Amino acid sequence: MKHRKLGWDAYAAGDFVLARAEFLKAAWYGDKPSQGMLAEMEWKGEGADADRASAYMWADLAAQRGYVLFVAVRERYWRQLSEEEKERVAQEGARRMADYGDAVAKERLAREMRRHAWDIKRSAWTAAPPRWVVIYDEHGVPTRIEGSRYYAPAFWEPEKYQAWQDAQWKDPPKGRVDVGEIEKVPRQAGE
């Protein structure tokens, strides 16, 4: 979450090179939203030259857990790839999956979480946790939560963290927007 947040901050500021670097750090630990952002950035050429085959490989990783949004993006990308790009995916995709897929990334994340949980516990002996922490929701919107919630054991135990992420991303809630009638606005002087 830390590197995803830093990636979103950099992306919002227009620093696409830094955003890519932070999303890549999060992707190393199997963070599917960050892998999805890397896909979008590579597809659009944000922070580096566009690379549609590589973007598809990131989208494939992001879709690994069946999150609806990322599966849809992956399938859309595949339909738009040229035959040469598809051949490159076939040659390089397994390597990317071996480096960033859940088979290795989940254990990496678990080790990192255990290490940080120990650091939190040790620092709690000498200092109180921050009162507020800013995290990003599934739409990249910053949200303030109480520090005690952020440091709750549920977010630092790998299985519980994974279940929480799955609940947020597997089948995101659907919203509805009602748009009213078109309203004619009179022009102002000088327009």
Side-chain angles (χ1 to χ4, degrees), residues 1-27 30-86 88-89 130-150 152 155 161-191:
M1 279 178 49
K2 170 189 171 185
H3 294 294
R4 184 193 321 158
K5 178 195 178 310
L6 293 172
W8 274 114
D9 287 345
Y11 190 87
D15 188 344
F16 298 138
V17 173
L18 179 57
R20 286 170 61 97
E22 292 297 338
F23 288 136
L24 188 61
K25 289 174 187 174
D31 186 66
K32 299 309 179 187
S34 293
Q35 291 170 346
M37 280 303 296
L38 287 166
E40 280 292 302
M41 293 180 77
E42 288 204 359
W43 191 264
K44 295 175 182 176
E46 294 174 324
D49 292 336
D51 184 341
R52 291 165 29 127
S54 182
Y56 174 84
M57 289 181 251
W58 283 119
D60 192 36
L61 281 159
Q64 188 178 20
R65 295 183 197 144
Y67 298 160
V68 175
L69 173 67
F70 301 136
V71 169
V73 168
R74 178 191 64 193
E75 297 308 307
R76 179 172 48 90
Y77 285 0
W78 184 257
R79 288 189 302 273
Q80 295 179 44
L81 292 179
S82 68
E83 289 306 315
E84 294 80 22
E85 290 167 328
K86 288 178 180 180
R88 186 167 152 228
V89 168
R131 183 167 175 138
W132 296 100
V133 176
V134 175
I135 63 167
Y136 284 79
D137 70 11
E138 64 273 12
H139 304 291
V141 177
T143 305
R144 274 179 35 159
I145 64 170
E146 289 184 42
S148 60
R149 282 184 55 213
Y150 177 79
F155 298 121
Y161 176 80
Q162 188 61 57
W164 175 61
Q165 288 293 294
D166 285 345
Q168 286 190 327
W169 291 95
K170 183 89 63 190
D171 192 17
K174 293 170 180 54
R176 179 181 156 174
V177 175
D178 292 322
V179 178
E181 296 293 320
I182 296 176
E183 193 177 309
K184 187 167 184 164
V185 179
R187 290 186 180 255
Q188 301 291 325
E191 287 186 340

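Predicted model, so just to flag it, every value in this text is computed and none were measured.
- Proximity of Lys5 to Lys2: side-chain heavy atoms (C-beta onward) are nowhere separated by under 4.5 Å.
- In this structure, Val89 and Trp78 have side chains that are in contact, with non-hydrogen atoms separated by less than 4.5 Å.
- Residues Ser34 and Ala26 share a closest heavy-atom pair of OG-CB, 3.2 Å.
- With contacts defined as side-chain heavy-atom distances shorter than 4.5 Å, the pair Arg88/Leu81 does not qualify.
- Checked by atom type and distance alone, the side chain of Lys86 never pairs as donor or acceptor with a backbone atom of Arg79 at under 3.5 Å.
- Within the 4.5 Å cutoff, the side chain of Met41 has no heavy atoms near those of the Trp58 side chain.
- Rounding to the nearest 0.5 Å places CG of Leu6 at 11.5 Å from CG of Asp15.
- Considering all non-hydrogen atoms of both residues, Tyr161 and Met1 come closest at OH-CG, 3.3 Å.
- Atoms CZ and OH, on Arg74 and Tyr67 in that order, are 14.0 Å from each other to the nearest 0.5 Å.
- Atoms CG and OG, from Asp49 and Ser54 in turn, are 12.0 Å apart once rounded to the nearest 0.5 Å.
- Contact of the Asp166 side chain with the Arg65 side chain is registered, since non-hydrogen atoms from C-beta on lie closer than 4.5 Å.
- Heavy-atom minimum distance, Gly7 versus Ala19: O-CB, 3.5 Å.
- Annotation: the span from Leu24 atom CG to Gln35 atom CD amounts to 9.5 Å, rounded to 0.5 Å.
- Between the side chains of Glu40 and Tyr77, at least one donor N or O sits under 3.5 Å from an acceptor N or O.
- Looking at every heavy atom in both residues, Leu38 comes nearest to Ala27 through CD1-CB, 3.8 Å.
- Residues Phe70 and Lys32 meet the side-chain proximity criterion, which asks for heavy atoms closer than 4.5 Å.
- Remark: the Gln64 side chain and the Asp60 side chain contain no N/O donor-acceptor pair separated by less than 3.5 Å.
- Atoms CD and CE, on Glu85 and Met57 in that order, are 10.0 Å from each other to the nearest 0.5 Å.
- The shortest non-hydrogen separation linking Gly47 to Val17 is O-CG2, 3.7 Å.
- Within the 4.5 Å cutoff, side-chain heavy atoms of Arg20 are placed close to those of Glu42.
- Atom-to-atom distance recorded for Arg52:CZ and Ser82:OG is 6.5 Å, nearest 0.5 angstrom.
- Side-chain contact between Tyr56 and Gln80 is absent, with no heavy atoms from C-beta onward closer than 4.5 Å.
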